[in-house]
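We're numbering straight along the sequence, starting at 1.
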Amino acid sequence: KSDDHKKMTVLPVALKQEEEYWMLLAWQPKKSKWREINMSKMLAVEKKSPAGEIDHLPVKDAIRQFRPLELR
């Protein structure tokens with residue numbers, strides 16, 4: 001949306017290919033919500049210690065929604 005770049009901490013869960021780019025499904029603990037991030041828009045990735053656990057989250061439901069329609 002602008003030349004400013006967002007910095008966020010997420011817990012990666014799954015990747016999927018959408019035509020010519022890859023999407024990352026991740027949990028953003030700070031906002032307590034799922035994110036779908038276009039990886040071609042990412043400028044840098046930094047590995048950090050886990051910011052939280054996703055065991056209590058509905059990961060299977062999120063992945064089911066994240067899959068392409070033909071695989072559901």
Side-chain angles (χ1 to χ4, degrees):
K1 294 180 180 180
S2 69
D3 290 335
D4 295 329
H5 301 288
K6 291 183 188 177
K7 196 174 199 181
M8 68 175 76
T9 299
V10 296
L11 298 167
V13 174
L15 288 172
K16 74 173 177 178
Q17 189 172 13
E18 290 280 339
E19 299 188 24
E20 297 180 12
Y21 54 90
W22 287 86
M23 296 296 290
L24 171 69
L25 173 66
W27 177 252
Q28 187 177 13
K30 185 176 179 179
K31 294 193 175 189
S32 295
K33 68 184 224 178
W34 290 103
R35 306 287 297 199
E36 286 190 34
I37 303 164
N38 182 335
M39 294 191 62
S40 67
K41 308 262 182 199
M42 297 171 80
L43 298 177
V45 176
E46 181 181 329
K47 183 180 176 183
K48 291 186 170 187
S49 299
E53 297 296 325
I54 58 173
D55 292 338
H56 66 285
L57 300 174
V59 175
K60 287 182 182 178
D61 290 337
I63 291 173
R64 189 175 302 113
Q65 293 174 24
F66 187 65
R67 287 191 303 200
L69 291 174
E70 65 272 6
L71 297 178
R72 290 186 188 173

### Summary
Tightest non-hydrogen contact, residues P29 and V10, listed as CD-CA, 4.3 Å
What side-chain donor-acceptor pairs closer than 3.5 Å can you find for residues 19-26, not counting sequence neighbours?
none

### Residue pair R35 / M8, side-chain heavy-atom distance below 4.5 Å
yes
### Task
Start with the C-alpha gap between T9 and K30, add the side-chain angles, then the distance that decides, and say whether side chain to side chain contact (heavy atoms under 4.5 Å, CB included) holds.
CA-CA 8 Å; T9 299; K30 185 176 179 179; over 6 Å; no
### Query
What residues form a side-chain hydrogen bond (donor to acceptor under 3.5 Å, both in side chains) with S40, not counting sequence neighbours?
N38
### Message
Going by the rule side chain to side chain contact (heavy atoms under 4.5 Å, CB included), which residues pair with K7 if we only count those two or more places apart in sequence or in a different chain?
### Response
none
### Query
Would you say W27 and S32 make side-chain contact, with heavy atoms under 4.5 Å?
yes
